[in-house]
2 protein chains.
Amino acid sequence: MLTAFFSKNKLFILYGGLLALLLFLLKWLEYRFVVVNHAFEIYIGAIAIIFMALGIWLALKLTKPKVKTVIIEKEVFVNANPDFVFNENECNKLGISKRELEVLQLMSDGLSNGEIAEKLFVSLNTIKSHSSNLFEKLDVKRRTQAVEKAKRLNIIS
Amino acid sequence: MLTAFFSKNKLFILYGGLLALLLFLLKWLEYRFVVVNHAFEIYIGAIAIIFMALGIWLALKLTKPKVKTVIIEKEVFVNANPDFVFNENECNKLGISKRELEVLQLMSDGLSNGEIAEKLFVSLNTIKSHSSNLFEKLDVKRRTQAVEKAKRLNIIS
DNA sequence: GTTTCCTTCATACTTTGGGGTGATTTTACC
DNA sequence: GGTAAAATCACCCCAAAGTATGAAGGAAAC
């Protein structure tokens, strides 16, 4: 990119810039003692103001705004209610079996598939089957989504 | 260090370089066409450039206190928990940063690391870093546990 | 007795998650 | 000006999660 070029020639550009400034300062002094006409100076002033404004505009336009992130949590709801009532109806509607429900509950407790398998005395592959079936029935892609949705539907606590 | 200065004044240096280039171009033209008559134009140009640079410098210098509010929209669910109050105290105690909190919230929404990365416009590796830090701060091993614990502590909804 | 569903398990494969390390750049603060 | 924390990203490696497919035993239903 263009910035890459500039960052690689920082010193050169800096001294070039300083040199330029110095030269212009000299030039400016030179003309300062020659030009007495006031109209001319007004003209110069106008130019200066216009281009300074342009510079400000450019700087504001080309620099990304310093973002101070303020997180506004608006309407954040999730069901974390203490009075949980099992929604058997919803559970049946989705065709979730008893065993799958067990797996789902342990899932929401943060257990890994391996840990669930250990707890239920079955193999890891079995849990994988259950979880895959669960994801399909809940129409989700990941266990985190499954837990989130199941809680929302009051299938688990 | 010197490099710190350069990195902090990239734009200024850039325009300095451009200024230098333009100046040399003008100088070259001056010698080429014997420009005594063009001195006025050169002077005007110089004024314009100098004040534009000044404008840029001013803009960069004087726009420090810039605060931008970023509203993060979140999904609203039917079975909501209206009595969620963000436990800032707990959050600070655990040393969880703003960005980490964002990631944590999206995690609990069931998004994968890749999806979170997309949503926050950062790379996958960044999200991995954030989540790793989160797991350490929350003293958990998996994202599911992180979500569970964070909800329990009222850090997220 | 056949059908259907649940549960169990397997193998093979791909994707995602997570640990570890290190680096750069911003930002903020003293 | 120096320091510290936060945010960003990269690379490697391994573990866990998830997909696809198939299969076998058991219980209940018809």
Quick one: [atom1] on [X] to [atom2] on [Y], what's the gap to the nearest 0.5 Å?
X	Y	atom1	atom2	answer
B:Ile155	B:Ile96	CD1	CD1	4.0 Å
A:Leu134	A:Arg143	CG	CZ	10.0 Å
A:Met107	A:Ile116	CE	CD1	5.0 Å

Could you give the [atom1]-to-[atom2] distance, from [X] to [N], as a whole number of Å?
X	N	atom1	atom2	result
B:Leu94	D:dA5	CG	P	17 Å
A:Ile116	C:dC9	CD1	C1'	17 Å
A:Lys141	C:dT15	NZ	P	12 Å
A:Leu111	D:dA15	CG	C1'	17 Å
B:Asn113	D:dC9	CG	C1'	14 Å
A:Glu100	C:dT7	CD	C1'	9 Å
A:Phe135	C:dT15	CZ	P	17 Å
B:Lys128	D:dA16	NZ	P	15 Å

Phosphate OP1/OP2 of C:dC5: any A:Ser97 side-chain N/O under 4.0 Å: no
Reckon B:His130 has a side-chain N or O less than 4.0 Å from the OP1 or OP2 of D:dT8? yes
Determine, for A:Glu115 against B:Arg142, whether the closest basic-nitrogen to carboxylate-oxygen distance falls under 4.0 angstrom. yes
Note: A:Glu148-A:Arg152 ion pair, threshold 4.0 Å (strictly below): yes
Nearest-neighbour nucleotide for the [X] side chain, [options] considered:
X	options	result
B:Arg143	C:dG18, D:dG18, D:dA6	C:dG18
A:Arg99	C:dT16, C:dT7, D:dT8	C:dT7
B:Lys98	D:dT19, C:dG17, D:dA7	D:dA7
A:Ser129	C:dC9, C:dG17, D:dA17	C:dC9

A:Asn92 atom CG, over 12 foreign heavy atoms within 6.0 Å: yes
Give a yes or no on whether B:Glu90 atom CD has more than 12 heavy-atom contacts from other residues, nucleotides or ligands under 6.0 Å away. yes
Indicate, with a heavy-atom threshold strictly under 4.0 Å, whether A:Ser132 touches base, sugar-phosphate, or nothing. base
Let's see if you get this right: which residues in residues 119-126 of chain A place a heavy atom under 4.0 Å from DNA chain C? A:Val122, A:Ser123, A:Asn125, A:Thr126
5′-ward residue of the pair B:Asn133/B:Arg142 relative to DNA chain D: B:Asn133
